[in-house]
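To keep things clear, I will list the structure first and then write my remarks on it.
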Protein chains: 2
Amino acid sequence: MALSIGQLAQRTGVHIETIRYFEKVGLLDAPSRTDGGHRVYAERDVRALGFIKRARELGFAPAEVRAIRDLGGPGRACCDEVRDIAVHHLEQVRSKMADLARLERLLASTVEHCSGGHVPECAVIDMLERT
Amino acid sequence: MALSIGQLAQRTGVHIETIRYFEKVGLLDAPSRTDGGHRVYAERDVRALGFIKRARELGFAPAEVRAIRDLGGPGRACCDEVRDIAVHHLEQVRSKMADLARLERLLASTVEHCSGGHVPECAVIDMLERT
DNA sequence: TGTGCCACCTGTAGTCGCTACAGAATCAAG
DNA sequence: CTTGATTCTGTAGCGACTACAGGTGGCACA
């Protein structure tokens with residue numbers, strides 16, 4: 001029930017340093033402490049940290065994670081604001097995907113034109129050099 | 001013909017500080033100087049910086065840019081090595097695209113299930129909270 | 001020739017999201 | 001009570017820039 005930071009790290013797969021970092025930047029609530037000053041976590045911290053971890057894995061910026069968490073807090077009466085954040089994030093993801101797709105096409109076609117031998121022509125370099 | 005760093009920046013769209021940074025990390029050759037110590041660039045530096053800029057925009061890491069530039073240098077007899085770098089990079093791009101696609105699907109379907117009103121249920125938060 | 005002003009110089013520090021120490025203190029087991 | 005693992009704080013490092021501070025250089029104009 002009461003967990004040390006190491007146990008929390010093991011259960012969530014988040015590094016100890018990262019847990020302390022999340023606390024420092026206000027993503028994770030500061031836990032209670034032992035008399036000696038060691039952090040003591042409860043079950044709810046496992047959930048909270050899991051939440052943060054998943055949100056970060058989905059590419060939400062720390063500020064967005066904070067916003068979502070706060071909006072989803074007391075009463076959870078702000079679904080539309082959370083939705084806004086998610087939609088905005090989705091747009092960014094789609095734009096990043098489009099960028100990568102363009103990039104992929106260019107790289108793929110360039111590599112395809114590359115003879116690959118020890119010759120003075122190189123499609124990759126030509127592509128990069130064309131002004 | 002002879003350009004100041006500011007003119008080079010304007011012609012290439014690369015910030016002055018970034019040009020100096022590229023020089024410091026060995027991406028761009030150190031140019032000649034005036035008696036007073038100001039950098040003086042030639043036309044070939046415009047091309048070199050353009051090359052670096054395009055490669056960076058395509059997501060090549062600085063070390064890769066250095067490698068491509070060096071391989072493409074005297075004689076350009078290493079097309080296959082340049083190709084290797086490009087192919088490896090292409091693989092990374094494709095893997096990143098796959099990650100984003102997964103993410104996009106999850107976000108899109110989540111947002112779709114979101115009622116968006118001032119209600120205590122929020123599909124986004126539920127998605128993040130499910131353990 | 002002076003003078004004014006912008007551009008440029010170097011060096012350092014800040015950004016973001018962690019990660020990695022160093023050196024001291026605490027905890028749990030034997 | 002001792003040992004050894006864990007945790008503590010604080011600071012520095014990463015990559016790839018970006019931004020400043022405080023000090024010169026260059027050049028047009030008078």
Side-chain angles (χ1 to χ4, degrees), chain A residues 1-42 45-46 48-69 89 92 96 99, chain B residues 1-42 45 48-69 89 92 96 99 103:
Chain A
M1 196 64 208
L3 303 165
S4 71
I5 194 171
Q7 291 169 322
L8 180 62
Q10 211 156 27
R11 287 215 13 206
T12 58
V14 177
H15 288 164
I16 289 180
E17 289 92 348
T18 307
I19 295 175
R20 286 195 285 246
Y21 171 75
F22 283 165
E23 180 185 330
K24 195 173 65 174
V25 298
L27 278 181
L28 191 64
D29 288 343
S32 55
R33 304 269 188 148
T34 65
D35 290 349
H38 285 203
R39 288 168 180 83
V40 179
Y41 295 95
D45 296 306
V46 179
L49 187 51
F51 181 96
I52 295 166
K53 191 192 179 198
R54 271 187 298 280
R56 294 290 298 118
E57 282 169 355
L58 291 175
F60 286 98
E64 291 175 322
V65 178
R66 257 194 301 273
I68 294 175
R69 182 205 54 189
H89 184 53
Q92 290 184 318
K96 222 176 281 175
D99 286 350
Chain B
M1 197 65 204
L3 302 166
S4 70
I5 194 171
Q7 291 169 322
L8 180 61
Q10 210 155 27
R11 286 212 17 203
T12 57
V14 177
H15 288 164
I16 288 181
E17 288 93 348
T18 308
I19 295 175
R20 285 195 284 246
Y21 170 75
F22 283 165
E23 180 185 332
K24 195 173 66 175
V25 298
L27 278 181
L28 192 62
D29 287 344
S32 56
R33 302 271 187 148
T34 66
D35 289 350
H38 285 203
R39 287 169 179 83
V40 179
Y41 294 96
D45 295 307
L49 187 51
F51 182 96
I52 294 166
K53 191 194 178 198
R54 273 187 296 280
R56 293 291 298 118
E57 282 169 355
L58 291 175
F60 285 98
E64 290 175 323
V65 178
R66 254 193 304 272
I68 293 174
R69 183 205 52 189
H89 184 52
Q92 290 184 318
K96 226 177 277 177
D99 286 350
L103 183 49

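Reminder, nothing fancy here: chain letters follow the sequence lines and each chain counts from 1. Predicted, not measured: the structure shown is a model, and the values here were computed from it.
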Just the rounded figure in Å: distance from [atom2] of [N] to [atom1] of [X].
| X | N | atom1 | atom2 | result |
| --- | --- | --- | --- | --- |
| A:Ile16 | D:dA5 | CD1 | C1' | 11 Å |
| A:Ile5 | C:dT26 | CD1 | P | 17 Å |
| B:Ile19 | D:dT18 | CD1 | P | 11 Å |
| A:Arg33 | D:dT6 | CZ | C1' | 14 Å |
| B:Leu8 | C:dC8 | CG | C1' | 14 Å |

According to side chain to side chain donor-acceptor pair (under 3.5 Å), who are the partners of [X], at least two apart in sequence or on a separate chain?
| X | value |
| --- | --- |
| B:Arg56 | none |
| B:Glu23 | B:Arg39 |
| B:Arg20 | none |

For this session: Using the test ring-ring contact (aromatic ring centres under 6.0 Å, His included), find all partners of A:Phe22 that sit at least two apart in sequence or belong to another chain.
Result: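 None.
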Exercise. With sequence neighbours excluded, what pairs up with B:Phe51 under the ring-ring contact (aromatic ring centres under 6.0 Å, His included) test?
Worked result: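 Listed in chain order: nothing, the list is empty.
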Can you check nucleotides 15-19 of chain C for protein contacts, nitrogen or oxygen pairs under 3.5 Å, and list what you find?
unit_1: C:dC18; atom_1: OP2; unit_2: A:Arg56; atom_2: NE; d: 2.7
unit_1: C:dC18; atom_1: OP2; unit_2: A:Arg56; atom_2: NH2; d: 3.0
unit_1: C:dT19; atom_1: OP2; unit_2: A:His15; atom_2: ND1; d: 3.4
unit_1: C:dT19; atom_1: OP2; unit_2: A:Thr18; atom_2: OG1; d: 2.6

Taking only residues two or more places apart in sequence or in another chain, which ones pass side chain to side chain contact (heavy atoms under 4.5 Å, CB included) with [X]?
| X | answer |
| --- | --- |
| B:Ala48 | B:Leu28 |
| A:His38 | A:Thr34 |
| A:Ser4 | A:Gln7 |
| A:Val25 | A:Tyr21, A:Leu27, A:Arg66 |

Taking only N/O atoms, report every protein-nucleotides 23-27 of chain D pair under 3.5 Å with atom names and distance.
unit_1: D:dG25; atom_1: O4'; unit_2: B:His38; atom_2: NE2; d: 3.3
unit_1: D:dG26; atom_1: OP1; unit_2: B:Thr34; atom_2: OG1; d: 2.8

For this session: Please indicate whether B:Gln92 has more than 12 foreign heavy atoms, meaning atoms of other residues, nucleotides or ligands, lying under 6.0 Å from its CD.
Result: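 Check passes, neighbour count above 12.
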For this session: Mind checking A:Arg39 for me? I need base, sugar-phosphate or nothing, with any heavy atom below 4.0 Å counting as a touch.
Result: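 The answer is sugar-phosphate, as A:Arg39 gets under 4.0 Å only of primed atoms, P, OP1 or OP2.
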For this session: Can you spot which of A:Thr18, A:Ile68, A:Val65 makes a side chain to side chain contact (heavy atoms under 4.5 Å, CB included) with A:Ile52?
Result: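 For A:Ile52, the side chain to side chain contact (heavy atoms under 4.5 Å, CB included) check succeeds only for A:Val65.
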Which atom pairs link the protein and nucleotides 3-5 of chain C when you take only N or O atoms and keep those under 3.5 Å?
none

Problem set entry | Short side-chain N/O contact to D:dC20 OP1/OP2 from B:Arg20, under 4.0 Å |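 Checking D:dC20 against B:Arg20, no side-chain N or O comes under 4.0 Å of OP1 or OP2.
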